[in-house]
Structures are given as structure tokens and as C-alpha cells.
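What follows is a short report on a single structure.
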Amino acid sequence: MSEFIPSFDEKKIEKKWQDIWYSNRYFNANDYSEKEKYYSLVEFPYPSGAGMHIGHIRAYLSLDVISRKRRMEGKNVLFPIGFDAFGLPTENYAIQNQIHPRIITDRNIKTFINQLKSAGFSFDFTRMVDTTDPKYYKWTQWIFLKLYEHGLVYKSKTYVNFCPSCKVVLSNEESQGGKCDRCDNDVVQMEKDVWFLKITDYAEKLLKGLDELESNSRIRMEQEKWIGRSSGAYINFKIANEEETLRVFTTRPDTIYGATFMVIAPEHHAIEHLKDKIENLDEIKAYQEQALMKTEFERIELAKDKTGVEIKGIKAINPITNKEIPVFISDYVMITYGTGAIMAVPAHDTRDYEFAQKYGLEIVEVIKGGDISKEAYTDTEQGILVNSPLIDGLSVEKAKEKIISILNEKNIGEEAIQYRMKDWAFNRQRYWGEPIPIVYCDDCGIVPVPYEDLPVTLPMVEKFIPTDTGESPLANIDSFTKCSCPKCGKEARRETDTMPQWAGSSWYFLRYMDPHNDKELASKEKMNYWGQVDWYNGGMEHVTRHLIYSRFWNQFLYDIGVVVHKEPYKKRTAQGLILGSDNEKMSKSRGNIVNPMEIINEYGADTLRTFVLFISDYEMSTPWNDSGVKGARRFLDKIWRMFPNVTDEVGYSKDLERVIHETIMGVGDDLENLKFNTAIAKLMSLVNEYNKQEKVTRSDYEVLLTMLNPIAPHITEELWSMLGHETLLVFETYPEYDESKLVKDEIDLIISVNGKLRDKMVVENNLDEEKLKKIALGREKIQAFIEGKEFVKIIVVPNKLVNIVVK
RNA sequence: GCCGGUAUGGUGAAAUUGGUAGACACGUUGGACUCAAAAUCCAAUGCCCUUAAAAGCGUGUCGGUUCGAGUCCGACUACCGGUACCA
């Protein structure tokens, strides 16, 4: 041991074990293994040119630790990785640098894989998927066609955010504040014919399925809110002297007596139907145009100041009071929610109240309890109906029921459910995405590409710059657009829009089970074996859209008999953000980005892993702290330096036995509950205990290495082999604790007076109450505190404390 | 606005069913080793008074429940995240 060095050569060790693990494919999942399966899934990355981010490390570490632990527990683990590689950044980079996105993507993926390996992640790298690979997106297109076949795809006009300078259609996120994300020019609203997926058909199923998903309440609530179910009623309001009826959705049918006017969205079709009767049509038209010009952003910004125009010449009839009430158009009513028309109840809705105030409209109180001269009264808990002959005196809840049955009887309305979630706009006008497998034929109309002609591949062209019209760059490529109609064979034109980035990620977890299958998206046998994803970790930001979209596709595929589980995921967790050391979100512009590769180069992957897990509670966001990294390295060095003090003795040291069993229990529980920070703290404490001993036994040392292995796999593997083991630590069994070894002989007894700690002492375990009282009262220190005071009572918590209460 | 979350030393953070607040680290200070430095080891480290001990104070603010509150209840403040005229 004379040449033993007090610190380890992380570069040498890490390279060595990574080579052994990856070249022997030790982390590969085995289809149909006899062992019990475990499927852990992390969100696959977008392979940007910047490479791996510190956030990826945190996001993937939790399940890397769990997967490594599961293997040690004898499970057949599927822990795959892949790349969600379609997307705008690559396309932009490609245009700027005149390099094809295919080349950039391949290059970035290669770098990313190397970085993942240098962090020691135990992914099965033979199952990698790449959403931009035609062998993969063939099945993305296949699912699209299946959705089409089942009536879940439709085309409809909508307004999109268009940047005239970049010539691209932008998402809401990319056009915040009405400015283009990239060039900062004003975004305009452009009408487009757009593909939609009818996800709203699955709203109820998606909501119900949440019952089966194990997740914290925050994750669940965000999904529930996104789906946004609300129950109420449809009510039909006749237009006086016309055939036209305005149908509204309301969650408060009980307040119908207070409905003193109506409001319809500027886009509402009734305007067109009634245009001959409208006296101020010009004014209405002007308002419509003005509303259309506003971007979504402006409509929200101006929310406080409600605008609108009364539609003169028509009146609606409140079907319960039979009174004539005015009808307005206003952009505070959205065409996309409910029926695009509302019955306004100013007394009990803040928005209607504001509107009524501004335009001097009648406000009728129908729920007792508030002061409607000041504000709308929206309490539904305690309110009692008034001024409502048919339902006076009833609670809100009862009144709703009764009014709905009246609506049914009179045939003027019915109970209804509405969802906030909208259908999924399923296209982008870009090159770097999955082509939508649709053909337009002059004679046959919209024709889906036959399944056997899939995939419709992206043409490998030199130029893929945007068109002036907001169409996809594909529209300029004749060799792509020109085709023959699959139905009649006549010359036809291909759809040039591509799918959104959410497409490929909506089913990737299925492909991992059978990634090389060219006959189906994944075989039934393999999906049967691997079943559901047991644990899915990812970002909080994907809890709504990605999770809901992928659950939707899975449920659909289940309904048509392609997959075997209704819900794809059993359990979902989310890591917290790592912020810059300035406590701000990491970003290029703030210059506070931490590059994980720099940490790996300076300290090694084990140090990075240990520190990132130690930094804070896994589910909370936390600032990065450079100097803390050294502490993690110091901890690993301490274990390394302990090596010469390890004896050949088998069995735990007597003095360490109890703390070892305690640590096994604590660390195990902590890892399962994502409490990596306290798990590492417990291991640090154990190492501190070891260091108080002159020697530790081989068993003491080995159990430490085994517990630490999922967290710091390289150094533990090296030390394991230095102990003379021929087999790898990754194949060892995870340690178990012995309950009987946890019992303490002695405990620290706390003695307090009036709840304040005054004394403590070590006493025998399991003393009875009387003995403890006696001991406590006998203490000199305690005597001083109770002397001359009136004794009230004494409280004993066995094996913990004695509290003496005096006056 | 609404819905969540969070608030604890100089810093990151721990704390089981209400029962020793600050585990584990970082940093700082002092010491050992060294010609010196780094590394390492040892000690101290919530605040206040103090030579020291003891006492006192202390988990965002105010109040409550309790023998006992970081933890439970009520009111409030700040920050972070989600959402946004959803009828």
C-alpha cells in the first residue's frame, strides 16, 4: 500500500468503467427475461448544439439512481434514452449556416451521447430512438392516419401568429407580448387552414385516468386545470320576432333571473344570420374588424377595460322571465369556449358587472348575501336565491338542480359539461418536422396517404427557406409536392405542413419497448412484457401538454387495440429547477449557465452526480453553488483514503453494526422518496463514523460502496475491484437491514420544565414512566428550576422526554 | 385576479405522528503538519451579554390552540411557479 495516493484519478477510473459497462452492454434491457421487469423513463432531450445542460443531469439522475438500485434488487430494468430532434432551433441554425438539419442533428446527437456516457448514465444505448429518423416517424405518421381514419383529425380555419419578417408561424410562447421571439418585430394575425386533433373527445377519459396516475397533488392539479371540466347548462335564448336562437353555456343556471343582457363573441355566426335586422351593422362590422386585429396578447392586456357594442334592432328573450333584453358583441366573450355567447348576470359575475357598469345596464340581485351596489357577489357556498319566483329561498346548489329540470321540461335547455381544453392544432409551417401524410387531389379532395406508402420522407434539398406566404418551405419543393392521387392516380399535391414537436414525443415510450420493429410501432408481445412505464420523471413544464398529449395518443391506441394499457404511466415525478448562482433562471443572456462538462472535466462525473443530488430537495428549485462541488469531491476522497484501513474481516464491526443498519434503512427509504440530499447526508455521517475507527472491516466498507454505487458508480466500482472482486459491483445485491439490529440500549432523555429544555441525560432504553419521572425530578439542574414553584403536572413521552409543568 | 408552492444561521439546506431547531455540507476563524503553500487532520462557528459558565432571544409578520409549535389553526407580507375575460 505504500504507493497509495490520497486522491483518486477520476479521469482514468471513469473512462475505464464506462468502457467496460458500455462495451459489454451491461445496462441493456432483456426482452422476456425471467426477472421481474422495471421500466423507468426520463424525458428524452432535444439535441441542441449547446449539448447537455446541468438540468439534464438533474432530470436524469433520479431515475439513473433508481434504475441502478433496481438492477441490484434483481429487476430486469428498461432505462432507455433517445432524441426529440425535430424543431425550430436546428432549422434556424441550418438556414443561418447553410448546413442541412440532418447533418446538424446527427452531429448534435453524437455529442450528446458522448456527454451522457461521460456522466455515467446507465441507459440502454442500443434502444435509442430519434424522432427525425424516417424509420421512427413512419409510425408517427401511421398514428396520424389512424387518428384520421377514426375521425379524430379535421381541418379548420383559425388565426395564427405570423411574423412577416421571419416568415414563420409562431406559437403563443414564441410571440409573447405580440413580438416575435427571434427578431422582435410585431406579430400579425393570419388566417390559416389548420389541422386539428380532436383531443376534446378524450377529455373525460384523460381526466378519469388521473385516478390511476401516482403523482403529487401539484402535478395532478395542473392537469386537471388544463382539462378544465366545468358543469352547468346550455340555455336557449330566442331572438324576439326571429327564428334565430342564441345558445349559451353557463355554470350558474340558478342566476337566470338576473340575466339582464347577453353578450356574444365578435366572431359569432348570429351576426351574419341577422345582418338584415341589425340597425348599426357598420358599427358592429367595425368592432369585429378591430377585435380581429388584436392579437391574443392585446385581448388579454386590455382585459381590464371592457369594450363592446350593442346590437341595435334585435332583442333576446330571457326564457324564464320572458323579458326582452339587449344583446351586445364584445371581445371579452371568446368564440372558442362554450357556445361563444353568454347570458350576462351582472349582479353575480365580476366581468358582467364591469360591463354593466360601463354601459349602464340593469343589475338585478338574485343571490342574497352581498352588496351589489359595490361589486358582484360570486359566493356560491352560502348564497340563497331571491327575486327568482320559481326558486326563491333555495340554496345555490338546490336552485341549480331545480332550474335545470325546469329547462328540460320546457325544452329550453339542458345540463351540460364543458372543457377548457381545446382541440390540438396539429401543424407547423416548417421544414424540420414530420410531413403530414395527406394528399390533395382536385377530384378526390383530401386523401390520406396509404399505409403501405409510409413514410412520407422529407426531401434532402439544399434550400429550405420559408415562403413569403407563411407556407412551409416544403411548398417550394416541387419534387416533394408533386405526386399522384392514391385514389384516382391523377396528378395531386402533397400537404406541405409538418407536425408539431409534440408529435414524436407523444408515443416514444412505446417505441423503446421494441425500437427496431419495421412491421409495427411495437409488437404486442413486447408491450405485454414491458407493460406500463413504472416511473416517469421529467420537468414540471411538461406536466400539462406533453403528459396529456401522450396520454391521449396512448388511450387512442388502446381503444383501437394497438397498445395493451389504457394509461401509459404508473407514476410521474418532476425535478426542481437548478438556477444560476444569482438565483435567476439559467440563460445565455444572463451569463449564468453552468456547463456540466466543465465540472466533469475538473472534478469527475461521480463528484458532479453526488453534488447535484446533494444540493437540495430534488423536487425544489435551488441556486447553483460552485464551492459546494468541492465538498462532494472531498466526501469521495475520504472514502478513497479509507481504503488502506480496511481489514479482511468479514461481518460488521460491533461498534458500527447499529449505525450501518440504520443507514441502510434510511438511505433506502430516502432514495425511493426522491430524498437524495438526505440519503447522501446519511452516507456522509456513516463515513464520519467509520473515520472515528482505526480500522473498518471489509463488510463495513463493502456495504458502504454498495449503497453509494447508484450515486457514484465509478469510484465505488474501482474500490470494489481493488478489494479483489472479479465480478462487478453493478451486479451485486442491494443491502438489506435487520430490524432487530436497530434497537438501542440507551437513549438520550430530554428533561424540560414548562416545555423548555433544561437538562438531558443518557438512560437505559424502555424505562417505565415512574422511573423516568423519578430520574427527572432527581436532577440537580431541574430542582433549581422547580424550587419554590407550584407543581402542576408531569408529562412523560417514553424513550424521549419528561416535561415538568410548574406555576 | 385565481390556483399551487416556498419563507429556517454568513450560504445550500435538515428536522418521523407536535417532543433536543440548525443534521449533512459550504464558508469563516483558530490550531497541527510544512521552509512555505496546497492538500489533509483537529477545534470553534444561530444571535446577544460574557474571561467562562449560566441565563435570555431565535424558524417571514401578528394572533391562537397546547404541558410543549418550524410543524396545527386564523389573519397578513414577500418571493417563485402555473394560469388567464373559460361564462
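Note that the structure is predicted; figures quoted are calculated from it, not measured.
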Checking only heavy atoms, does the side chain of A:Lys306 share a donor-acceptor pair with the base of B:C85 at less than 3.5 Å?
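Flag set: donor-acceptor pair detected.
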
If you look at every strand shown and take non-hydrogen atoms under 4.0 Å, does [X] touch a base, only sugar-phosphate, or nothing?
| X | value |
| --- | --- |
| A:Arg218 | sugar-phosphate |
| A:Gly631 | sugar-phosphate |
| A:Lys756 | sugar-phosphate |
| A:Ser217 | nothing |
| A:Arg758 | sugar-phosphate |

Could you check whether the rings of A:Phe8 and A:Trp640 sit parallel, tilted or perpendicular, using 30° and 60° as the cut-offs?
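Tilted, since the angle between the ring planes falls between 30° and 60°.
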
[atom1]-based separation of [M] from [N] [nearest Å]:
| N | M | atom1 | answer |
| --- | --- | --- | --- |
| B:G22 | B:G10 | P | 15 Å |
| B:G58 | B:C3 | P | 33 Å |
| B:A53 | B:C42 | C1' | 24 Å |
| B:U20 | B:U71 | P | 13 Å |
| B:U45 | B:U11 | C1' | 13 Å |
| B:G31 | B:C24 | P | 25 Å |
| B:A25 | B:G64 | P | 40 Å |
| B:G12 | B:A23 | C1' | 13 Å |

Test log, rule salt bridge (charged side-chain N to carboxylate O under 4.0 Å, His left out), inputs A:Lys774 and A:Glu770:
CA-CA 6 Å; A:Lys774 227 171 145 186; A:Glu770 286 310 312; over 6 Å; no

Closest to side chain of [X], choosing from [options]:
| X | options | result |
| --- | --- | --- |
| A:Lys422 | B:C24, B:A87, B:C86 | B:C86 |
| A:Lys585 | B:G81, B:C85, B:A87 | B:G81 |
| A:Lys630 | B:A23, B:C26, B:G27 | B:G27 |
| A:Lys638 | B:G82, B:A25, B:C86 | B:A25 |

Walk me through it: do A:Arg758 and A:Ile804 pass the test side chain to side chain contact (heavy atoms under 4.5 Å, CB included)?
CA-CA 10 Å; A:Arg758 295 302 182 187; A:Ile804 301 155; over 6 Å; no

Has [X] got a side-chain N or O lying under 4.0 Å from the OP1 or OP2 atom of [N]?
| X | N | answer |
| --- | --- | --- |
| A:Asn688 | B:A25 | yes |
| A:Arg351 | B:C86 | yes |
| A:Ser7 | B:A39 | no |
| A:Arg641 | B:A39 | no |
| A:Arg634 | B:G27 | yes |

Could you state the [atom1]-[atom2] distance from [X] to [N], rounded to the nearest angstrom?
| X | N | atom1 | atom2 | answer |
| --- | --- | --- | --- | --- |
| A:Leu579 | B:U11 | CG | C1' | 15 Å |
| A:Trp640 | B:U40 | CH2 | C1' | 17 Å |
| A:Ile751 | B:G68 | CD1 | C1' | 16 Å |
| A:Lys358 | B:C85 | NZ | C1' | 14 Å |
| A:Leu547 | B:G82 | CG | C1' | 15 Å |
| A:Arg220 | B:U83 | CZ | P | 19 Å |
| A:Met540 | B:U83 | CE | C1' | 13 Å |
| A:Lys682 | B:A25 | NZ | P | 14 Å |

If you draw a 6.0 Å radius around NZ in A:Lys744, do more than 12 non-hydrogen atoms from other residues or ligands fall strictly inside?
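Result for NZ/A:Lys744: open.
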
Reading nucleotides 12-21 of chain B from 5' to 3' and marking B where a protein heavy atom lies under 4.0 Å of the base, S where only the sugar-phosphate is that close, and - otherwise, the string is BSS--B-BB-

Working note: A:Phe676 + A:Arg58, criterion side chain to side chain contact (heavy atoms under 4.5 Å, CB included); need CA distance, chi angles, decisive distance, verdict.
CA-CA 11 Å; A:Phe676 303 106; A:Arg58 195 182 207 195; over 6 Å; no

In this structure, which stretches of RNA chain B are paired as stems of three or more consecutive Watson-Crick or G-U pairs, both distances less than 3.5 Å?
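Stem list for RNA chain B: B:1-7 with B:77-83, B:10-12 with B:24-26, B:27-32 with B:40-45, B:60-64 with B:72-76.
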
Between A:Phe328 and A:Phe355, does the ring centroid distance fall short of 6.0 Å?
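Ring-ring flag for A:Phe328/A:Phe355: true, centres closer than 6.0 Å.
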
Is the A:Tyr549-A:Trp424 ring centre distance short of 6.0 angstrom?
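Yes: the rings meet the under 6.0 Å criterion.
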
Can a cation-pi geometry be assigned to A:Arg247 and A:Tyr234, taking NZ or CZ under 6.0 Å from the six-membered ring centre and within 45° of the ring axis?
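Judged by the rule, A:Arg247 and A:Tyr234 form a cation-pi pair.
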
Using modelled atom types only, decide if a donor and an acceptor are shared between the side chain of A:Asn765 and the backbone of A:Asn799 within a distance under 3.5 Å.
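No; judged by distance alone, with no hydrogens or angles, the pair does not exist.
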
May I ask you to decide if A:Pro710's main-chain N or O and A:Arg609's side chain share a donor-acceptor pair within less than 3.5 Å?
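Yes, because the side chain of A:Arg609 sits within donor-acceptor range (under 3.5 Å) of the backbone of A:Pro710.
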
When syn is taken as a glycosidic angle within 90 degrees of 0, is B:G56 syn or anti?
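What B:G56 shows is an anti base, its glycosidic angle lying more than 90° from 0.
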
Would you tell me whether A:Thr678 and A:Asp670 have side-chain atoms, one donor and one acceptor, within less than 3.5 Å of each other?
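Their side chains do contain a donor-acceptor pair, which is all the 3.5 Å distance test asks for.
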
Please tell me which of A:Ile342 and A:Glu541 maps to the more 5' nucleotide of RNA chain B, matching each residue to the nucleotide holding its nearest heavy atom.
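This one resolves to A:Glu541.
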
Side-chain touch A:Ile363/A:Thr260, heavy atoms, less than 4.5 angstrom:
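The answer is no, as the side chains (C-beta and beyond) never meet within the 4.5 Å cut-off.
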
